[in-house]
Each structure stands twice: as C-alpha cells, then as structure tokens.
Peer 1: 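Below are the structure tokens for one structure; questions will follow.
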Amino acid sequence: MSTEGDEATKTICPYCGVGCGIKVNQGDDPGDVNFMPWGEAPVNEGRVCIKGGAATQVVDHEDRLTEPLIKEDGEFREATWEEAYSRIVSEMEGIRDDHGPDAMGFFGSSKTMNEENYLLQKLARRYGTNNVDNCTRMCHASTVWALRTSLGAGAMTNSMEDLEESADVFWIQGANPGEQHPIANSQYFRQAVLEGATVIQVDPHANKTTRSFEIGETERHMHLQVNPGADIPLLNVVLKTILERHEAEPDAGWIDEGFIEERTEGFDDLKETLEEFDKEAAAEEAGVPLEDIERAAEKYAMANNAAVFTGMGMSQHTCGVDNVQNEINLALITGNLGKPGTGVNPLRGQNNVQGTSDVGAMPNVLPGYQLVDDPEVRESVEEVWGFEVPAEPGLTNVEISHEAGHSVKGLYVMGENPVMSEPDGNEVEERLESLEFMVAQDIFMTETAEFADVVLPATTWAERSGTVTNTDRRVQRMRGVEKVHENTKHDLDILMEVGSRLFGEDAGFRFDDVEAVFEELREVCPIYHGMTYDGLGEEGLHWPCYEEGDEGDQFLYEDSFDTESGLGQIEGVRHQPPKEVPDEEYPLILTTARLEEHYNTGTMSRRSPTLSRQHPENFVDVHPNDAEAYGIEDGDTVRLRSRRGEIEVNAQVTEDIKEGVVWTTPHFAAASANRLTNDVLDERAKIPEYKAAAADIAVTVSDGGESADRADPEDNAEPADD
Ligand SMILES: Nc1nc2c(c(=O)[nH]1)N[C@H]1C(S)=C(S)[C@@H](COP(=O)(O)OP(=O)(O)OC[C@H]3O[C@@H](n4cnc5c(=O)[nH]c(N)nc54)[C@H](O)[C@@H]3O)O[C@H]1N2
Ligand SMILES: Nc1nc2c(c(=O)[nH]1)N[C@H]1C(S)=C(S)[C@@H](COP(=O)(O)OP(=O)(O)OC[C@H]3O[C@@H](n4cnc5c(=O)[nH]c(N)nc54)[C@H](O)[C@@H]3O)O[C@H]1N2
Ligand code: SF4
Ligand SMILES: [Mo]
C-alpha cells in the first residue's frame with residue numbers, strides 16, 4: 001500500500017493525547033525525516049512541546065528493527081516476511097486446534113492508528129476470542145468505567161476550547177498537564193488562568209504544573225499535597241463541607257438544587273454516606289490540613305464554572321472507579337456538568353488511546369463501546385463482518401499476562417511493552433517465558449520483544465497514513481512520507497496479510513487502502529458513522545458524529561446524560577486504603593509517575609538525544625526528613641525495594657515530594673519502577689495500583705563509599721528473569 005506525501009507532510013505528533021499537528025519533511029534517504037511546525041494545525045496552531053519537536057529523531061535511529069526475526073535455540077535470526085507469516089499462521093492455528101481460541105491473547109497499540117487497531121480486534125474476534133485489549137487498561141480504565149456508568153461516555157465531558165473560554169476553576173487531581181499534556185496546559189489552561197481562573201492541584205508531588213501556575217506564590221491557587229491513595233477521604237471532606245455550608249446558607253449557591261432535582265439521582269445515598277463521616281480524621285488520613293481542604297471546597301463550589309481534571313493519580317488505584325465517581329459526585333451536586341467550562345475531564349494519555357478504545361480493541365466492547373455481550377449489538381456487527389462474534393467478554397491485558405502459560409498459550413503484541421509497563425515486571429517476564437508462542441510487532445527490539453518467537457519490524461508513525469483520535473474526541477488524519485525504512489512494513493499491511501492467510505482472501509481482511517478500512521469502521525461504529533475519511537480534512541471532526549454533517553460536540557450532556565434513565569448517577573463512596581500500606585519492614589509509600597521529556601517505557605524517548613539529555617537515567621525523589629532518617633544525601637545511589645523486587649537509583653532529596661512518600665518513574669529499563677509495583681487490580685476496571693505500594697530504601701553508595709545498609713547484599717542481584 002502506498003503512503004501519501006508531499007514535500008512537507010502534515011501529520012500528528014506521535015506522543016501524547018493532545019493531538020498537536022506537526023509537519024515532517026522527507027530527506028534523501030528512507031527514514032531521514034525532519035520536523036517542521038504546522039502553523040495552522042487545529043489543536044496547537046504550530047506550537048509543540050519538547051517531545052513534539054524531537055519526535056522525528058527516532059525515525060531513522062540505528063536501533064530500528066529492519067528485518068523480521070525468528071527465534072531458534074534461544075537466538076534471533078533474520079528471516080523473510082514469508083517465513084515469519086507462515087510461522088505465525090501455523091502456530092496460531094495450532095494453538096486454536098489444541099486449546100481453543102481463548103488460548104490466544106491480543107494487545108492492540110495506542111501508538112498505532114484507528115484502522116490498525118480496528119483490524120487487530122476484528123482479527124482476534126474472527127479467530128474466536130474477545131481476549132483483546134490495549135494500554136487504556138493500565139491508564140484510564142477506571143475513569144472510563146465511572147464516566148460510562150454515571151454519565152454515559154468514557155471520554156472528556158468538555159473540550160480544551162470550551163474549558164479555556166469558560167472555566168473559572170481548574171480542579172486538577174492526580175494529573176500533571178504541565179508535563180504530560182504541555183500544549184493543552186500552555187495553550188488552553190494557562191490562558192484561562194492568565195485571565196483570572198483559579199487552579200487547585202491535588203497531588204503528593206510538586207511539579208511543572210505547580211510551577212507553571214505559580215501555585216504557592218499567591219492565595220489564589222492551592223496545592224493540596226495528599227497522601228497517595230487518600231483521595232476519597234480528601235474529596236469526602238470537600239463534599240461534606242459543601243453540604244454543611246449549604247445547610248447553614250441555603251441560598252448561597254453551595255449546591256445546585258435544581259440540577260440535582262432534574263438531572264441526577266442518588267443524592268440521598270451521598271448524604272447518607274457522609275452523615276457519620278468524620279472530617280478531622282479524614283483530613284488526617286489525607287495528610288492535608290482540614291482548613292485547606294475546606295478553603296479549596298469553597299473555591300470550587302463558588303465558581304461560576306468549575307472543571308475537574310483527573311489523571312493517573314486517581315485512576316491507577318484499586319479504588320480507581322470510586323475515586324473518579326467521587327469527582328463525578330462533586331460535579332453533579334454543584335451543577336458543573338453539561339455546560340461549557342465544567343465537567344470531569346480525563347486528559348487521555350497516548351496519541352491514540354482514545355481511538356484504540358473507540359474502535360473496539362477492548363475485551364468487553366465492539367467498535368463504538370457497544371457491549372459485546374448484547375446479542376443485538378453482535379448481530380448488527382456480524383452483518384457487516386460476515387462471521388459470528390464470540391459472546392463472552394474476554395480477558396484484559398493484565399489478566400492475559402497473569403494467565404500466560406496457564407490458560408493463555410499464545411500472545412500477539414502490537415506496539416506495547418508489558419515487561420516494562422505492567423506491574424510486577426519480574427512476574428510478567430516469568431509468565432511470558434512460559435508461553436508456547438509469542439509475536440511482537442514493534443519499531444524497536446523492546447524488553448518485551450526479547451521474549452517473542454517472531455519479531456516483526458513495523459514502520460513508524462512518520463512513514464504511514466491513517467486516523468487517530470485525541471483527548472477531546474477529535475478524529476484527525478496522519479499522513480506518511482513516501483519512503484520507508486529498510487524491510488519494514490506498515491502495521492495495517494501486516495495485519496491484512498496475517499488475517500487473509502489465517503482466514504482466507506475473502507474473509508474481510510484485504511483492503512485497497514487505509515480509507516477502505518475507515519469506511520468499514522464507520523459502518524460498525526455509530527459514534528464515527530457520520531465521518532468520511534476525506535471529510536476529516538485538516539481540522540478533523542469530534543465524535544459523536546452519527547450522521548454526515550454532524551459537527552460533533554464541544555461538550556457533552558447539555559440536555560440529558562447517556563444513562564438508562566437519562567440522569568447523572570450520584571453514589572457515595574468510602575475510603576479504601578491501597579492494598580499495600582506501610583509497615584515496619586516497608587515503611588514508605590512508593591508512587592510512580594512521569595517526566596516531561598520521557599515517554600512511558602522509554603523505547604522512543606530514551607533513544608532521542610534531545611529527550612534523554614536531562615534525565616539519562618532513573619532516580620527517586622525523597623523528602624529531606626526521610627533522607628535524614630535514612631542517612632541519605634542528595635545524589636547518593638540507593639536501593640529502592642518492595643516485596644516484589646528492587647532497583648538501584650540516585651536519590652534526589654527534595655521538598656517536592658511529601659514526607660513518607662518516595663516517587664520514581666517507569667521510563668528506564670535499567671531501573672524500571674515496575675520491578676517494584678503491586679499487580680493488584682481495581683475489581684471492576686481491572687486497572688493496576690501503580691500509584692501506591694509499600695517500599696523501603698537503603699543507601700548503597702554514598703560519597704564516602706559503601707555505607708551501613710539495612711538490606712541483605714544478596715538482594716542486590718539483578719532480578720531473575722527465568
Ligand atoms: N511527557 C510525557 N507525557 C505523557 C506521557 C509520558 O510518559 N511522558 N504519557 C502519556 C500517558 S500514556 C498518560 S496516561 C498521561 C498521564 O498523565 P498524568 O495523568 O499526568 O500521569 P502521571 O504523571 O503518571 O501522574 C499524574 C500525577 O499523579 C500524582 N500522584 C501519584 N499518586 C497519587 C495519588 O495517590 N493521588 C493523587 N491525587 N495524585 C497522585 C503524581 O505525583 C503525578 O504528578 O500522560 C501522557 N503524556
Ligand atoms: N509504574 C507505572 N507503570 C505504568 C504507568 C505508571 O504511571 N506507573 N502508566 C501506565 C500507562 S498510563 C500506560 S498508557 C502504559 C503504557 O504501556 P505501553 O503501551 O506498554 O508502553 P509504551 O512505551 O507506550 O509502548 C508502546 C510500544 O509501541 C512501540 N511503537 C511505537 N510506535 C509504533 C508503531 O508505529 N507500530 C508498532 N507496532 N509499535 C510502535 C514502542 O516502541 C513501544 O514498544 O504504562 C503503564 N505503566
Ligand atoms: S503536547 Fe503532546 S501532542 Fe503536543 S507536541 Fe507535546 S507530546 Fe506532542
Ligand atoms: Mo496512559
């Protein structure tokens with residue numbers, strides 16, 4: 001399939017979900033591409049953050065996979081595409097014959113396009129299983145669950161534009177847009193703040209969001225430095241404060257009684273939950289002075305329009321669904337939904353995590369979030385696809401990894417790196433090792449691909465075309481340059497070939513071009529139904545777009561919610577501590593989060609000279625009081641340990657982090673945070689608890705050499721990967 005291109009090709013940044021437009025220029029050689037700003041790009045009008053500007057640096061990196069690889073006697077050798085395809089088809093057929101279709105798992109990729117993920121999930125379902133998932137599971141699965149159940153759709157309720165124009169208060173809880181969504185922050189939210197909006201940040205760690213709004217410099221903004229995992233107590237104090245004040249001053253507008261009456265149900269349940277609730281004890285649990293939380297509650301409740309932003313600090317907990325439900329409670333009782341400048345807004349992570357989920361690369365839904373266990377839904381999709389769709393929801397990605405070597409015998413991984421991104425990485429390695437067969441389709445030899453039997457070299461984002469969907473539901477076209485690197489192939493072409501070889505040339509896996517895949521996708525995906533590939537143009541279109549000509553919506557739920565009753569669901573929630581809390585052996589709370597210049601498991605950012613300059617390796621932030629107690633000096637090498645493993649990192653002694661908490665990142669293979677994290681899941685959304693585990697720290701090397709060390713030296717060995 002050919003890619004379109006001209007001298008400067010307009011496409012979309014491959015990193016985060018903001019969806020900034022950029023241009024790439026093709027040089028003389030394949031893979032030789034360079035960056036140019038795209039001044040009229042709809043989301044960012046030419047501006048980019050450090051990652052957008054450096055995005056082309058890894059396209060022709062010397063580490064790119066260039067040929068298919070097959071493992072023989074534990075070693076990879078180069079193979080032809082023909083050999084690789086034959087091996088994949090015979091192994092996948094063998095697994096289905098021996099163990100049935102649910103013995104395969106499929107990981108879609110939020111780094112790839114809508115059409116590619118659409119075809120991957122179709123392939124899984126044609127194979128006979130719903131065991132297909134993507135990184136949204138590790139990311140906003142809990143947010144999506146709560147939003148879908150209580151409001152209707154698992155996406156931002158509002159858009160960056162209306163938030164900029166109308167929000168008076170930005171309540172940012174467990175999210176760091178200053179570093180993780182820099183252009184949304186600088187181009188939209190900061191503009192609103194410059195014009196008078198207030199920021200309340202709820203986060204155990206100070207970061208560039210704190211600094212970009214100069215929080216702490218004036219009385220206007222606030223940073224509530226919450227203990228990891230104590231967001232329910234904190235928000236319950238906020239909710240109870242609002243209810244109490246409303247009792248005392250019924251006409252002051254603390255809550256929106258009309259909105260509660262007409263648009264919601266469950267208010268009594270919330271009141272009941274908070275009746276016996278002890279604010280002092282909860283504030284102590286949260287680790288934030290009660291009067292600060294009360295003051296923040298007042299700022300939110302008294303705003304004309306207040307918007308909640310929610311991120312990984314809320315979603316990545318065993319109580320992730322309830323965390324987000326409590327934010328929904330706050331928005332609903334104050335009438336902050338269904339109008340501009342309000343809502344509950346998850347800033348989506350990867351460049352195409354919204355789209356990958358929209359097109360059905362999830363175990364419980366078909367394209368457009370239509371439930372797979374609904375016979376009517378299946379029938380309507382089967383009419384287009386021409387085969388029977390399995391009825392039982394499948395396993396999520398972390399469940400697939402847990403089942404690897406048990407009920408799951410084979411795994412097809414397109415553009416994910418679970419050895420580094422899933423919790424308890426040592427265990428993930430063990431499980432992948434015990435698979436009968438695994439395919440990894442990536443642009444680099446990742447820590448995960450090392451475990452594969454067949455490795456397929458994919459082209460990068462810069463080399464191909466398709467559509468992606470950003471955080472405010474804008475579907476945009478990516479356009480590739482003409483020349484591709486070495487013997488790489490587009491993800492879509494690979495999937496078309498595998499599908500056609502497995503199921504036949506007429507089985508619905510052969511398409512003329514990307515546009516033809518999009519045409520089929522919109523036929524089965526109601527929220528994309530009104531879009532045409534050409535109609536997306538350079539501006540893109542927001543979903544929902546049911547009929548051609550629909551403009552999509554800037555904000556959702558103006559008149560009613562998409563729930564069964566049409567009402568927003570309020571539901572009181574109670575504190576549930578993290579599954580692992582500090583004890584004598586592991587007295588610290590470990591939390592993990594991101595850096596501006598690095599990206600997820602670092603496969604791309606670690607290879608970019610610009611992005612790896614400031615932080616070439618991992619580190620841990622330790623509060624000065626904890627550092628003193630442990631005898632740690634700034635810059636010391638320390639061992640960070642949990643019940644699952646340990647890593648060696650440099651300590652940064654800083655007041656940015658709350659006392660009693662240690663903070664590290666998942667970006668570095670040499671000292672991966674996920675050697676330490678706990679693989680317990682939220683019961684409903686199945687998201688792991690990356691944001692709270694019990695940990696301990698010990699100095700290994702200080703300026704004066706080896707120092708006293710509470711840990712057993714044998715524990716210092718590299719984590720076993722057998
Ligand atoms: N530069 C960069 N940008 C990215 C990414 C990247 O890796 N690098 N990844 C992309 C992806 S996939 C995603 S999902 C988004 C994620 O974007 P964010 O949601 O901003 O993700 P994190 O940085 O993981 O966590 C956000 C904040 O949660 C805080 N936190 C930790 N524990 C808790 C807690 O218990 N409660 C509260 N309230 N806060 C807590 C952390 O200190 C951190 O500041 O970013 C996307 N953008
Ligand atoms: N401790 C801890 N762990 C976390 C998190 C955390 O906050 N703390 N956050 C979690 C979150 S929010 C997320 S989203 C996950 C992310 O987890 P993953 O999705 O596993 O991580 P990525 O590094 O984004 O992996 C993307 C892979 O796609 C490859 N790739 C890039 N472009 C292409 C392409 O065009 N085609 C193909 N085939 N491959 C491509 C990259 O090389 C890389 O290997 O990590 C989770 N893990
Ligand atoms: S904000 Fe996100 S999409 Fe925009 S340039 Fe930066 S990484 Fe790329
Ligand atoms: Mo994510």
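Atoms within a ligand are numbered from 1 in the order they appear, just like the ligands themselves. From a predicted model like this one, the values you see are computed outputs, not experimental measurements.
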Peer 1: Can E399 and K686 be counted as an ion pair, charged N to O under 4.0 angstrom?
Peer 2: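 Yes.
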Peer 1: Within less than 4.0 angstrom of ligand 2, does M420 place any heavy atom?
Peer 2: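 No, that is not the case, since the closest heavy atom of the residue is not under 4.0 Å from the ligand.
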Peer 1: Among D491, T460, N600, which one puts a heavy atom closest to atom 34 (C) of ligand 2?
Peer 2: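 Result: the heavy atom closest to atom 34 (C) of ligand 2 is in D491.
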Peer 1: Just to confirm my output: which protein heavy-atom neighbour is closest to atom 8 (N) of ligand 1, and how far is it?
Peer 2: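 Looking at atom 8 (N) of ligand 1, the protein heavy atom closest to it is H598 O, 2.6 Å.
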Peer 1: Does the pair E429/R644 count as a salt bridge with the N-to-O cut at 4.0 Å?
Peer 2: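 Between R644 and E429 there is no salt bridge, as every charged N stays at least 4.0 Å from the carboxylate O atoms.
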Peer 1: Under 4.0 Å from ligand 1, counting heavy atoms only, is it the side chain of C16, its backbone, both or neither?
Peer 2: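 Side chain only.
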Peer 1: With heavy atoms of T446 as the reference, note each atom of ligand 2 found under 4.0 Å away.
Peer 2: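 Every atom of ligand 2 under 4.0 Å from some heavy atom of T446: 44 (O).
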Peer 1: Out of curiosity, is R464 lining ligand 2, as in a heavy atom under 4.0 Å away?
Peer 2: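 The answer is yes: ligand 2 sits under 4.0 Å from a heavy atom of R464.
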Peer 1: Could you name the option among M312, R64, Q316 that has the heavy atom nearest to atom 5 (C) of ligand 2?
Peer 2: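 Nearest option to atom 5 (C) of ligand 2, by heavy atoms: Q316.
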Peer 1: Are any of the N/O atoms on H317, whether in the backbone or the side chain, positioned under 3.5 angstrom from an N/O atom of ligand 1?
Peer 2: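 Yes, at least one N or O pair falls under 3.5 Å.
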Peer 1: So if I count the atoms of ligand 1 from 1 in the order they appear, which ones are less than 4.0 Å from some heavy atom of P228?
Peer 2: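 Result: 34 (C), 35 (O).
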Peer 1: Quick one: nearest non-hydrogen protein atom to atom 14 (S) of ligand 1, plus distance?
Peer 2: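 It is C139 SG, 2.9 Å.
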Peer 1: So which protein heavy atom does atom 11 (C) of ligand 2 come closest to, and at what separation?
Peer 2: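 Of every protein heavy atom, R594 NH2, 3.3 Å lies nearest to atom 11 (C) of ligand 2.
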Peer 1: Less than 3.5 Å apart, any donor N or O on the side chain of E447 or N417 sitting next to an acceptor on the other?
Peer 2: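 There is such a pair (donor and acceptor under 3.5 Å, judged by atom type) between the side chains of E447 and N417.
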Peer 1: Quick one: nearest non-hydrogen protein atom to atom 43 (C) of ligand 1, plus distance?
Peer 2: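 Heavy-atom neighbour on the protein nearest atom 43 (C) of ligand 1: D203 OD2, 3.3 Å.
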Peer 1: When you measure from the heavy atoms of T459 to every atom of ligand 2, does any distance fall below 4.0 Å?
Peer 2: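 So T459 counts as touching ligand 2.
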Peer 1: Relative to the ring of F213, is the ring of H221 parallel (under 30°), tilted (30 to 60°) or perpendicular (over 60°)?
Peer 2: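 Tilted, since the angle between the ring planes falls between 30° and 60°.
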Peer 1: What is the nearest protein non-hydrogen atom to atom 1 (N) of ligand 2, stated with its residue, atom name and distance?
Peer 2: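 For this ligand atom, the closest protein heavy atom is N674 OD1, 2.8 Å.
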Peer 1: What residue and atom, counting heavy atoms only, is the protein's closest point to atom 38 (N) of ligand 1, and at what distance?
Peer 2: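 Protein heavy atom with the smallest distance to atom 38 (N) of ligand 1: D231 OD1, 2.8 Å.
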Peer 1: Is there a nitrogen or oxygen of T601 sitting under 3.5 Å from a nitrogen or oxygen of ligand 2?
Peer 2: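 Yes, at least one N or O pair falls under 3.5 Å.
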Peer 1: Counting N and O atoms only, with roles assigned by atom type, does the side chain of R473 sit under 3.5 Å from a partner on the main chain of T469, one being a donor and the other an acceptor?
Peer 2: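 It does not hold such a pair.
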Peer 1: Are any of the N/O atoms on H205, whether in the backbone or the side chain, positioned under 3.5 angstrom from an N/O atom of ligand 1?
Peer 2: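 There is no such contact.
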Peer 1: Which atoms of ligand 1 have any heavy atom of E596 under 4.0 Å away?
Peer 2: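 Contacts of ligand 1 toward E596, numbered from 1: 1 (N).
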Peer 1: At distances under 2.8 Å, what protein N, O or S atoms surround atom 4 (Fe) of ligand 3?
Peer 2: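 Protein N, O or S atoms closer than 2.8 Å to atom 4 (Fe) of ligand 3: C20 SG.
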Peer 1: Does L595 reach ligand 1, in the sense of a heavy atom lying below 4.0 Å from it?
Peer 2: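 Yes; L595 lies near enough to ligand 1 that a heavy-atom distance drops under 4.0 Å.
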Peer 1: Considering distance alone, does some N or O of M314 sit under 3.5 Å from an N or O of ligand 1?
Peer 2: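 Between M314 and ligand 1 (N or O atoms, distance only) the closest approach is not under 3.5 Å.
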Peer 1: Establish, from distance only, whether the side-chain atoms of T610 and Q57 form a donor-acceptor pair under 3.5 Å.
Peer 2: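 Checked: T610/Q57 side chains pair up, N/O donor to acceptor below 3.5 Å.
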Peer 1: I'd like to check the salt bridge (Lys or Arg N to Asp or Glu O under 4.0 Å) partners of E116; sequence neighbours left out, ordered by chain and number.
Peer 2: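 Counting only residues at least two positions away or on another chain, E116 forms a salt bridge (Lys or Arg N to Asp or Glu O under 4.0 Å) with R464.
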Peer 1: Where is the nearest protein heavy atom to atom 3 (N) of ligand 1: which residue, which atom, and how far?
Peer 2: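 Nearest protein contact, heavy atoms only, for atom 3 (N) of ligand 1 is Q180 OE1, 3.0 Å.
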Peer 1: Looking only at distances, please establish whether an N/O atom of ligand 1 is found under 3.5 Å from an N/O atom of E179.
Peer 2: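 It does: an N or O of E179 is found under 3.5 Å from an N or O of ligand 1.
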Peer 1: Should the ring pair F189 and F309 be called parallel, tilted or perpendicular, given that the plane angle runs from 0 to 90° and is split at 30 and 60?
Peer 2: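 Rings of F189 and F309: tilted, as their planes differ by 30° to 60°.
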Peer 1: Relative to ligand 1, is T209 under 4.0 angstrom through side chain, backbone, both or neither, heavy atoms considered?
Peer 2: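 No part of T209 is near ligand 1 at this cut-off.
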Peer 1: Given that the side chain starts at C-beta and the backbone is N, CA, C, O, which of these parts of V226 lies under 4.0 Å from ligand 1, counting heavy atoms, or is it both or neither?
Peer 2: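 Contact part for V226 vs ligand 1: side chain (C-beta onward).
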Peer 1: Salt bridge check: are K111 and D491 linked by an N-O gap of less than 4.0 Å?
Peer 2: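 Not counted as a salt bridge, because no side-chain N and carboxylate O are separated by less than 4.0 Å.
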Peer 1: Counting only heavy atoms, tell me which of P666, G229, C319 gets closest to atom 35 (O) of ligand 1.
Peer 2: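 Nearest option to atom 35 (O) of ligand 1, by heavy atoms: G229.
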Peer 1: In the protein, what heavy atom is nearest to atom 44 (O) of ligand 2, and what distance, to one decimal place, separates them?
Peer 2: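 That would be D442 OD2, 2.7 Å.
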Peer 1: Which residue and non-hydrogen atom of the protein lie closest to atom 33 (C) of ligand 2, and at what distance in Å?
Peer 2: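 Among all protein heavy atoms, the one nearest atom 33 (C) of ligand 2 is I443 CG2, 3.8 Å.
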Peer 1: Specify the protein heavy atom at minimum distance from atom 41 (C) of ligand 2: its residue, its atom name, and the distance to 0.1 Å.
Peer 2: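 Nearest protein contact, heavy atoms only, for atom 41 (C) of ligand 2 is T603 OG1, 3.2 Å.
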Peer 1: Return the option from G174, G311, A593 holding the heavy atom at the smallest distance from atom 26 (C) of ligand 1.
Peer 2: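 Answer by nearest heavy atom: G174.
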Peer 1: Can you tell me which residue and heavy atom of the protein come closest to atom 15 (C) of ligand 1, and the distance to 0.1 Å?
Peer 2: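 The closest one turns out to be G349 CA, 3.7 Å.
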Peer 1: If hydrogens are left out, which of T664, V398, N134, N417 has an atom nearest to atom 20 (O) of ligand 2, that is, the closest non-hydrogen atom?
Peer 2: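 It is N417 whose heavy atom sits nearest to atom 20 (O) of ligand 2.
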Peer 1: Please report which non-hydrogen protein atom sits nearest to atom 31 (C) of ligand 1, along with the residue it belongs to and the distance in Å to one decimal place.
Peer 2: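 Scanning the protein heavy atoms, the shortest distance from atom 31 (C) of ligand 1 goes to T591 OG1, 3.2 Å.
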Peer 1: What about K691: any of its N or O atoms under 3.5 Å from an N or O on ligand 1?
Peer 2: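 For ligand 1, there is an N or O atom that lies under 3.5 Å from one belonging to K691.
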Peer 1: Give me the residue, atom name and distance of the protein heavy atom closest to atom 39 (N) of ligand 2.
Peer 2: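 The closest heavy atom on the protein side is G415 CA, 3.3 Å.
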Peer 1: Distance to 0.1 Å, residue and atom name: give those for the protein heavy atom nearest to atom 17 (O) of ligand 2.
Peer 2: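 Nearest protein contact, heavy atoms only, for atom 17 (O) of ligand 2 is S421 CB, 3.1 Å.
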Peer 1: In this structure, is the centre-to-centre distance between the rings of H615 and F668 below 6.0 Å?
Peer 2: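 Centroid separation for F668 and H615: 6.0 Å or greater.
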Peer 1: If I apply the N/O under 3.5 Å rule, does H667 come out as touching ligand 1?
Peer 2: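 N/O-N/O distance below 3.5 Å does not exist for this pair.
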Peer 1: Would E422 count as a polar contact of ligand 2, with the cut-off being nitrogen or oxygen pairs under 3.5 Å?
Peer 2: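 No: no nitrogen or oxygen of E422 is under 3.5 Å from one in ligand 2.
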Peer 1: Do the charged groups of E689 and K579 touch, with an N to O distance under 4.0 Å?
Peer 2: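 No salt bridge links E689 with K579.
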Peer 1: Considering only heavy atoms, does Q350 approach ligand 2 within less than 4.0 Å through its side chain, its backbone, both, or neither?
Peer 2: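 The answer is the side chain of Q350.
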Peer 1: May I ask you to identify the nearest protein heavy atom to atom 2 (C) of ligand 2, giving residue, atom name and distance to one decimal place in Å?
Peer 2: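 Protein heavy atom at minimum distance: Y690 CD2, 3.3 Å.
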Peer 1: Any idea which part of Y15 is under 4.0 Å from ligand 1, heavy-atom wise: side chain, backbone, both or neither?
Peer 2: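 Within the 4.0 Å criterion, Y15 makes no contact with ligand 1.
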Peer 1: Could you walk me through whether E416 and N397 pass side chain to side chain contact (heavy atoms under 4.5 Å, CB included), step by step?
Peer 2: CA-CA 10 Å; E416 273 201 26; N397 51 9; 3.8 Å; yes
Peer 1: Return yes or no for this condition: an N or O of T592 is under 3.5 Å from an N or O of ligand 2.
Peer 2: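 Among all N and O atoms of T592, at least one is under 3.5 Å from an N or O of ligand 2.
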